[in-house]
Structure formats: C-alpha cells, structure tokens
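Lettering follows sequence order; numbering is per chain, from 1.
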Amino acid sequence: MAAGIRDKVAILGMGCSKFGERWDAGPDELMVEAYLEAMGDAGIEPGQLDAAWFSTHVDEFGTGKGGTPLSMALRLPNIAVTRVENFCASGSDAFRGAVYAVAAGAADIALAVGVEKLKDTGYGGLPVGNAGTLNPQVAPNGSAPGNFAQLASAYRDKHGVSREDLKRAIAHVSVKSHANGAKNPKAHLQKAVTEEQVMNAPMIAEPLGLFDCCGVSDGAAAAIVTTPEIARSLGKQDLVTVKALQLSVSNGFESQFNAWDGSYFHTARIAAKKAYREAGVTDPRRQISMMEVHDCFSITELVTMEDLFISEEGKGWRDVLDGFYDADGGVPCQIDGGLKCFGHPIGASGLRMLYEMYLQLQGRAGPRQLANPVLGMTHNLGGGPSVNVCSVAIVGREGA
Amino acid sequence: MTTVGLSAWGAYVPRLRLQRKAVTAANAWIAPNLAGKSKGERAMANWDEDALTMAVEAARDALGPDDDRSHVDAVYFASTTAPFADRLNAGVVSAALALERSASSADITGSQRAGLTALAQALSSVKAGAARHALVTAGEHRRARAASALELDNGDAAAAFVVSGEETVADFLGHGALTADFVDHFRGSDSEFDYGWEERWIRDEGIIKLVPPAIHDALKAAGITGEQVTHFCFPSTFAGMAANLARVCGLPAASVRDNLAAMAGEAGSAHALVMLAHALEEAKAGDIILAAQFGQGAEALVFRVTERIATQRPARGVTGSLADRKEESNYLKFLFFNDLVQWDKGMRAEKDNKTALTTLYRNSDMILGLVGGRCTETGVVQFPRTRISVSPNKSTVDTQEPYRFAERKARVLTWSADYLTFAMAPPNHYGMVDFEGGGRIFMDITDVEPGDVDTGLAVRMVFRIKEVDERRGFKRYFWKATPDRSA
C-alpha cells in the first residue's frame with residue numbers, strides 16, 4: 001500500500017469569500033476575494049505559485065470551462081491551471097490536485113480555488129440541465145432534494161425508525177447548523193431556527209422540508225499548499241498539515257446491483273476507512289476533533305455520521321438528537337454552519353469546509369472557536385445516494 | 001378454406017375517470033346546453049399517456065407476460081391521434097414490445113373506423129398466409145375544445161388483438177365495407193381540433209344509410225342471418241343509434257351492446273375494438289359477434305366465439321380496466337393534461353428536452369424495450385446491459401445476453417415525492433425499484449398520489465411518455481413503475 005499523504009504537505013494560507021446571494025459579484029470577483037485573503041494569509045507573491053487547480057461545476061450558468069477563467073481573473077503568471085469538475089466534490093478534488101503536486105515535488109507551492117456563481121439563473125435551487133444524451137432519456141425526472149430524500153425512506157425501513165422520529169432527528173441536524181451559522185459572518189444564513197420551524201416548513205421532497213435543504217448561494221474559497229519545510233522557511237509555525245485525502249467513486253454497485261439497500265453511502269464508507277488508515281486514526285469517535293460534512297440535506301448529514309463510523313449504524317439519529325454533533329457535543333459538526341448556512345456554491349464547498357478546519361486548528365475561528373482541536377475531517381459528496389463521488393479529507397496539527 | 005380468427009385480446013383504459021358533472025358544472029355559465037351530458041364518467045389519460053402508450057399497454061395485455069413474442073410477425077397500429085404524423089408509430093409499439101425486427105408493421109389511420117380496418121387487414125393478411133400471428137392494437141386520445149360536447153363524449157382507451165389461424169377464441173366469419181366521402185366531421189392535417197356537421201344529418205343521411213350495407217355484406221359473407229347475432233358492437237354517441245341500426249338490419253334488440261359511454265366514453269377509432277374485446281369477455285362459445293363502426297362509410301366484421309373462450313382471457317381486459325378506476329373531479333387538471341390552457345410552468349420547465357436520435361436508436365432496446373442484460377457466467381441481471389458486468393464479485397466482460405424487465409414484478413426500495421422538480425402531476429414520485437429475479441432501476445413512478453408509495457410497494461412496469469419536447473414536437477418514451485394494484 002502507498003505510504004499516503006500524511007504530513008507531507010502543509011496549508012500555507014486559505015481564503016473564503018462571503019457566501020450568499022452575491023448580486024454584487026460575478027465569479028471573477030468571488031475568486032479574487034478568496035484568493036487575495038489566501039495570498040495575504042500565506043504571505044507570498046503570485047510569482048511564487050507553481051501551479052493551480054480550479055474547481056467549478058456548472059458550465060451553463062457559471063464560470064466557464066477550462067483553466068482560463070481562474071488565470072484571467074487572478075492574472076496568474078501563465079502557470080499551469082487545471083480545471084477540476086467532480087460534481088459537488090469538485091472543491092475537494094481541486095485541493096487534492098494541488099496537494100499531490102506538492103507531494104510529488106512537481107510544485108513547491110500550489111493553489112486551489114473553487115467557485116460557483118449559482119444566483120444568475122433566475123430561480124431558487126440548483127440549475128437544471130442534462131447529463132449527456134442517454135441519461136435524460138431514462139433517468140427519473142427529479143431534483144437534488146428528491147434524490148437525497150430517497151435515503152430517508154430506506155433508513156426508516158432498515159432501522160425501524162418512525163417517520164416522526166426521523167423527521168425530528170433531521171430537524172435537529174438543521175437546528176444545530178443554524179445555531180452555528182448564526183456566529184459566522186461569512187455564512188449566507190445567519191439566523192437560528194427552532195425545531196418547530198424546521199418541522200413545519202413547506203415540503204420540498206418528502207420528507208425533506210425547506211429547512212432540511214441547504215441554501216443556494218454564490219461563493220469562492222481558496223487554499224495554498226506547500227511542503228512543511230518551505231512553510232517553515234517562510235516563517236510559518238504551528239503548521240496545519242494534510243493527514244489524509246481519499247476519494248471513492250461509484251461504479252454501479254449501488255444503482256445496478258442488488259446488494260445496496262439505499263440507506264447509506266457505499267463510497268463514503270470506503271473513503272472513510274481509507275482516510276483513517278492514511279491518517280493513522282483508529283478510533284474516529286474519539287480522535288476526530290471536529291467535522292465539516294456534506295450536509296446538502298439534513299438526511300445526508302445524518303446517515304453520513306454512520307458512514308464515517310462516528311455513530312454506530314442505525315444509531316446516528318439518536319446521537320443527533322442527543323446533541324453529540326452540536327457545538328458542545330462529542331464531535332462538533334458543521335461548526336461554521338455547514339452547507340446548511342453557507343449554501344452550496346458547488347465548486348467552492350469542499351475548500352470552504354477545509355477553511356473552517358484550518359481556522360479552528362489555528363485558533364482563529366472567533367466566537368465559534370472550539371477548545372484545542374487536533375484533527376479536523378471534511379466529507380464532500382457529489383452526485384446522489386446511488387451514484388456519487390465521495391471525498392474524505394483529514395487535516396490536523398503537524399505531528400498529530 | 002383456412003380458418004382464421006382472434007387468438008388473444010387485451011385492453012387498456014386509463015385509471016383516471018373524469019366526472020362529467022364536474023365538467024358541465026364548470027362550463028354551465030357558457031354552455032348550459034351540455035347539462036344533459038352530466039351523467040357518468042369518461043376515461044382520462046394521465047399526462048404521460050397517449051394513443052401510443054395506451055396501445056402498447058393493450059398489446060401487452062393481449063400478448064401476456066411471456067418474454068417470448070417471436071411468433072408475432074405483423075403489427076398494425078390504428079389511431080387518428082397517433083403522436084407522430086411521420087414516424088412509424090407501429091415501429092414504436094414494436095420496439096416497446098421488443099418484437100422481432102423482421103415483423104412487418106403499419107399505421108392505419110384517417111377515419112373513425114381505422115381500428116376495424118386494421119383488424120380486417122390483419123385478418124386478410126393471415127388468411128392469405130402473409131402473416132401467421134398479427135398484432136392489431138388501437139389507441140385513441142382525442143383532444144376537443146373546452147366546453148364542447150365532444151369533450152364529454154370522448155374517452156381515452158385502447159384495445160388489442162392477436163389474429164392467427166391457431167388457438168382462436170373467435171373465428172372470423174365475414175367482412176363488409178362501404179366507402180363514401182361523407183364528412184360528418186374532419187380534422188385537417190394542420191388543425192388541432194375536429195370540425196363537425198349537424199347531428200341529424202349524420203344520423204339520418206349518414207349512419208342509417210351507410211352502415212347497413214356494410215353489415216349486410218358482412219353477414220352475407222359470414223353466411224348467417226341478422227337474427228343469429230348475439231353481440232352487436234356499434235359505437236355511437238347518438239342516443240339509441242345502435243338500437244336503430246339493429247332494427248334496420250334485423251338484429252335482435254338484445255344483441256345491442258352497451259357502448260360504455262357511462263363509464264369510459266368513446267375512444268374514437270379504437271372504440272369498436274374496445275367493445276369487441278368487452279363482448280368477448282362476456283361471450284360464450286357459439287355466440288356471434290358483429291362489430292361495426294362508421295367513418296366515411298363503414299366497416300363490419302363478424303366472428304363466432306369458440307370453446308376456448310372459457311379458458312383464455314387476458315389478465316386485465318376491458319372488464320379489469322374499467323374496475324381499476326380513480327374518480328377525478330378536477331376539470332382543470334383535465335384541461336392542463338390536454339394542453340388546453342396556457343399555464344405557468346416555471347423556469348424549471350425550460351430545460352431543453354431535445355432528444356439525440358442517434359442515442360435513442362443506439363439504445364432503443366434499452367429505452368423503448370426496457371431490455372437489460374444477464375451475465376451468462378454469473379447469472380447476474382442488470383440494467384442497462386454493459387460490456388463489463390456490474391457484479392462486484394466477478395466483472396466478466398462481454399458475457400451479457402439481452403434480458404427483458406418489462407414484464408418482471410418489482411418492489412420499491414427507496415422513494416420520494418418531489419415538489420421541486422417540474423412535473424405535470426406534482427409531486428413527482430420516483431425511486432429505486434428492485435426486480436424479482438434481479439436488477440434494479442432508478443425510475444419515475446406514475447399514477448400515484450401522496451400516500452400511495454412506500455418502501456416495499458409492489459409495482460409493475462408501464463410504457464409512458466417520459467418528456468415532451470414542445471419546441472421540436474418530439475415525444476420521449478420510457479418505462480415507469482406503477483403500483484401493482486392486482487398484487
């Protein structure tokens with residue numbers, strides 16, 4: 001087995017734009033906002049960047065294809081820019097590209113930027129489009145919430161959880177994230193909500209109501225990575241290093257073979273196991289200090305708690321209701337507010353998750369700061385329950 | 001002389017039944033004259049049904065659940081409301097039923113008697129030895145202007161027959177036809193709706209003069225007299241019309257069959273076949289059935305029911321179709337489904353539904369026939385068929401043989417009811433469907449309302465409209481799951 005990425009690469013700087021309905025900004029302005037913060041944090045000049053990875057998902061309404069949108073917006077010094085698109089996990093995959101370039105010695109310093117401009121469509125929710133020419137002729141006529149809501153039906157059935165109990169548990173997922181997001185000035189939604197509000201919100205896709213769905217917003221996030229040695233040579237101390245970067249991609253097992261029961265993410269379990277092995281984590285429920293997971297919908301977050309082996313299978317909904325994932329719980333989750341409050345500018349979200357982990361590990365998270373975090377995990381999922389790509393990354397203090 | 005006849009039949013009536021009083025009440029302010037048509041209900045196609053999908057369902061009922069349909073060597077599709085003016089509609093039927101490509105096929109259209117014309121053609125063809133097992137399927141989904149009488153009289157339905165020289169339930173005895181350019185109504189090639197003439201003229205100068213000669217010729221060819229007819233199937237929306245004809249033609253008054261106006265309405269060119277199918281379901285050996293329909297003249301066919309009628313029946317038929325009903329009192333829904341009002345579909349409906357015809361053809365057995373694959377080494381069944389098997393235990397290469405899912409029973413593994421996506425009948429239900437014998441498909445679930453779907457629900461497959469490309473006038477078809485209400 002490969003030696004893995006653990007402690008080979010350090011985060012030199014990060015940036016994150018204000019997320020939200022950015023009527024004032026196009027994708028270029030969002031990228032610049034995140035980039036300038038990251039460059040200021042890193043303390044380097046553009047000429048020191050060797051290569052860049054650029055993630056954006058929606059071609060039709062968004063930023064554009066190829067590497068040029070990033071290079072043009074940031075006026076990069078004609079370095080390599082690779083555009084990465086891997087559904088909603090695009091941001092994490094851009095980070096992975098930059099980290100691997102540094103680990104390989106192909107670049108001393110590499111940049112990853114993710115952006116999405118979703119609010120130029122004229123309507124709420126994600127843009128609708130076609131995936132190729134065959135898929136639209138056979139795939140159900142659905143939406144992202146309808147796709148992820150499938151989990152709830154299977155989870156209830158498999159674990160014998162009543163509709164009412166599960167609805168209340170996923171409501172708490174959102175109540176917790178809103179409470180966290182209320183403390184984050186960069187979040188799109190900064191208002192706390194009550195369980196009653198969540199439970200009584202208009203239905204979007206049975207059983208998911210409005211507050212079970214993450215926001216739709218514009219935003220960008222950026223990371224600059226290098227080797228620990230170069231980071232130290234640039235005067236950095238108390239480094240945040242990469243412990244694990246795993247990506248697992250569906251191959252049809254879930255959607256075309258009759259073994260998967262629809263209640264969990266097959267890829268997430270694979271990516272999590274590999275990530276723990278890569279990071280040397282043996283007891284994640286105790287060793288992981290905090291998490292940012294892909295809470296595109298409340299039910300996604302709930303089953304992910306089990307897929308990441310933090311909660312026992314079938315017990316995640318009880319841990320949620322017990323407050324285990326609240327800010328003062330055993331493993332705080334979505335401490336920045338999550339997709340729930342940041343919204344989900346697709347290409348940016350994976351990097352936005354890492355941004356919060358990075359701030360927390362450096363003790364720079366302001367009113368959201370957790371006590372002495374050591375390892376932070378991000379989980380970034382693209383696609384739907386039956387066909388998806390799942391990224392699990394772990395970052396932490398150097399040597400941890 | 002070779003004996004040919006009907007060896008199987010099937011029918012389909014959409015589940016929704018629009019209550020006529022809901023229509024007349026809504027239109028009372030503008031069309032109080034229609035109050036007399038308030039009785040009963042008419043069959044109403046769901047938004048994703050048309051003449052073609054209904055004809056496919058009727059044909060499946062006639063052919064039964066056996067995957068082997070290789071005996072069918074000719075296909076006739078009859079309708080005046082076929083979705084395509086230039087694309088062989090019978091070709092879509094053939095693909096949906098996964099018939100052999102060597103089967104001949106034809107669309108029969110142009111008149112309200114097209115269903116019987118198709119049946120007569122099939123009988124001639126089999127009799128002449130040009131075909132051995134001909135499938136005749138007729139479907140009709142007539143659109144009519146709001147507040148018209150036709151809107152209340154019509155009903156959407158389909159019927160199908162297999163014509164052959166073997167194992168007949170009804171032997172063909174004789175045929176009569178008359179052609180006259182009597183224009184009771186017409187619909188120009190570029191027109192959306194029918195334009196009709198005065199009822200009294202149609203009745204007294206048309207039907208009562210033009211139909212009897214065809215009936216007379218059919219009886220004569222059959223070598224029987226009018227008194228011997230046990231079942232007289234004659235569609236007409238005019239009160240007492242069939243009884244009048246029976247009197248004129250010397251048929252017993254008791255032979256006049258219910259035209260199903262009260263529970264289904266009249267399915268245009270498919271209706272004589274619907275009534276013929278219904279007659280078979282109530283007939284006994286030795287009965288004589290006379291089916292005739294008016295339309296620029298008339299067509300008449302005579303059959304004698306055989307002993308096989310006691311044992312050979314379709315799973316659903318007209319009787320089963322009529323029993324599987326759901327009352328619909330929302331007239332506006334009917335107008336929306338039939339594209340009779342301009343309504344705000346929202347921006348999500350702006351998605352371009354252009355169909356790549358290359359992709360459609362390359363995958364036609366998958367898309368239209370719901371054919372997947374079965375690995376000849378591992379037995380693993382999957383959809384779609386792929387070069388490399390999906391089995392996680394053994395990814396065999398190029399080992400898959402075609403495997404048909406359309407007639408397999410299935411159950412819902414996961415589901416949701418989606419209020420966000422654009423849907424003609426929100427919320428759109430869809431989910432992962434697991435098939436008995438293996439395989440699964442993430443697919444739309446149709447003919448359901450909130451509360452109807454749950455995990456474990458038994459479902460069956462139905463051939464439906466997937467999307468309508470309004471910009472280019474194309475329709476996509478695919479299969480959907482629907483509750484197996486017989487389970």
Query raised in the report: Who in residues 370-386 of chain B is close to chain A, using a strict under-4.5 Å heavy-atom cut-off?
Result: B:Val380, B:Val381, B:Gln382, B:Phe383, B:Pro384
Requested in this report: Would you mind checking if B:Asp444 and B:Lys466 are paired as a salt bridge, meaning a charged N to carboxylate O distance below 4.0 Å?
Outcome: yes
Query - Proximity of residues 382-392 of chain A to chain B, residues having a non-hydrogen atom under 4.5 angstrom - result: A:Ser386
Report summary line: Within residues 159-175 of chain A, contacts to chain B at heavy-atom distances under 4.5 Å involve none
Report task. Report the relative orientation of the aromatic rings in A:Phe148 and A:Phe265; use parallel for angles under 30°, tilted for 30 to 60°, perpendicular for over 60°. Result -> tilted
**Report entry** Region of A:Ala152 in contact with chain B, defined by heavy-atom distances below 4.5 Å
**Finding:** neither
Query raised in the report: So, do A:Thr267 and A:Glu254 sit near enough that their side-chain heavy atoms are less than 4.5 Å apart?
Result: yes
Query raised in the report: At a heavy-atom separation under 4.5 Å, does A:Leu210 approach chain B through its side chain, its backbone, both, or neither?
Result: neither
Requested in this report: Using a cut-off of under 4.5 Å on heavy-atom pairs, state which of B:Pro392, B:Gly346, B:Ala356 scores highest against chain A.
Outcome: B:Pro392
Query - B:Asp447 and B:Asn46: side chain donor to acceptor below 3.5 Å - result: yes
Report summary line: Residue from A:Gly132, A:Ser255, A:Gly262 scoring the most non-hydrogen pairs under 4.5 Å with chain B is A:Ser255
Report task. Can you tell which part of B:Arg440 gets under 4.5 Å to a heavy atom of chain A, answering side chain, backbone, both or neither? Result -> both
Report task. Name, in order of residue number, those residues of residues 195-208 of chain A that have a heavy atom at a distance of less than 4.5 Å from a heavy atom in chain B; otherwise write 'none'. Result -> A:Met203, A:Ile204, A:Ala205, A:Glu206
Report summary line: The interface call for A:Asn251 against chain B, heavy-atom contacts under 4.5 Å, is backbone
Query raised in the report: Is there a donor-acceptor contact under 3.5 Å linking the side chains of A:Ser263 and A:Asp261?
Result: yes
Requested in this report: Sort out for me which of A:Pro127, A:Pro136, A:Ala149 touches chain B most, counting heavy-atom pairs under 4.5 Å.
Outcome: A:Pro136
Report summary line: Interface check, chain B: of A:Asp157, A:Val138, A:Leu151, A:Asn147, most non-hydrogen pairs under 4.5 Å belong to A:Val138
Query raised in the report: Taking atom types as modelled and ignoring hydrogens, do the side chains of B:Thr421 and B:Asn428 form a donor-acceptor contact shorter than 3.5 angstrom?
Result: no
Report task. Using a 4.5 Å cut-off on heavy atoms from C-beta on, say whether the side chain of A:Phe87 contacts that of A:Glu85. Result -> yes
Report task. Please flag which part of A:Thr121 lies under 4.5 Å from any non-hydrogen atom of chain B: side chain, backbone, both or neither. Result -> backbone
**Report entry** Portion of B:Met443 that has a non-hydrogen atom of chain A nearer than 4.5 angstrom
**Finding:** backbone
Requested in this report: Examine the side chains of A:Ser349 and A:His344 and answer whether a donor and an acceptor come within less than 3.5 Å of each other.
Outcome: yes
Report task. Assess the pair A:Tyr264 and A:Tyr155: is the distance between their ring centroids shorter than 6.0 Å? Result -> no
Report task. Can you tell which part of B:Ser391 gets under 4.5 Å to a heavy atom of chain A, answering side chain, backbone, both or neither? Result -> both
Query raised in the report: Between A:Glu116 (side chain) and A:His57 (backbone), is there a donor-acceptor pair under 3.5 Å?
Result: yes
Query - Heavy-atom contact with chain A under 4.5 Å, split by part of B:Ile445 - result: neither
Query raised in the report: Of B:Asp469, B:Asp50, B:Asp48, which is the lone residue that meets side-chain hydrogen bond (donor to acceptor under 3.5 Å, both in side chains) with B:Lys475?
Result: B:Asp50
Query raised in the report: Taking 4.0 angstrom as the limit, do B:Glu436 and B:Arg408 come out as a salt bridge?
Result: no
Query - NZ/NE/NH1/NH2 to OD/OE distance under 4.0 Å, A:Arg269 and A:Asp307 - result: yes
Query raised in the report: Between B:Trp479 and B:Ala96, what is the shortest heavy-atom contact and its length?
Result: CZ2-O, 3.3 Å
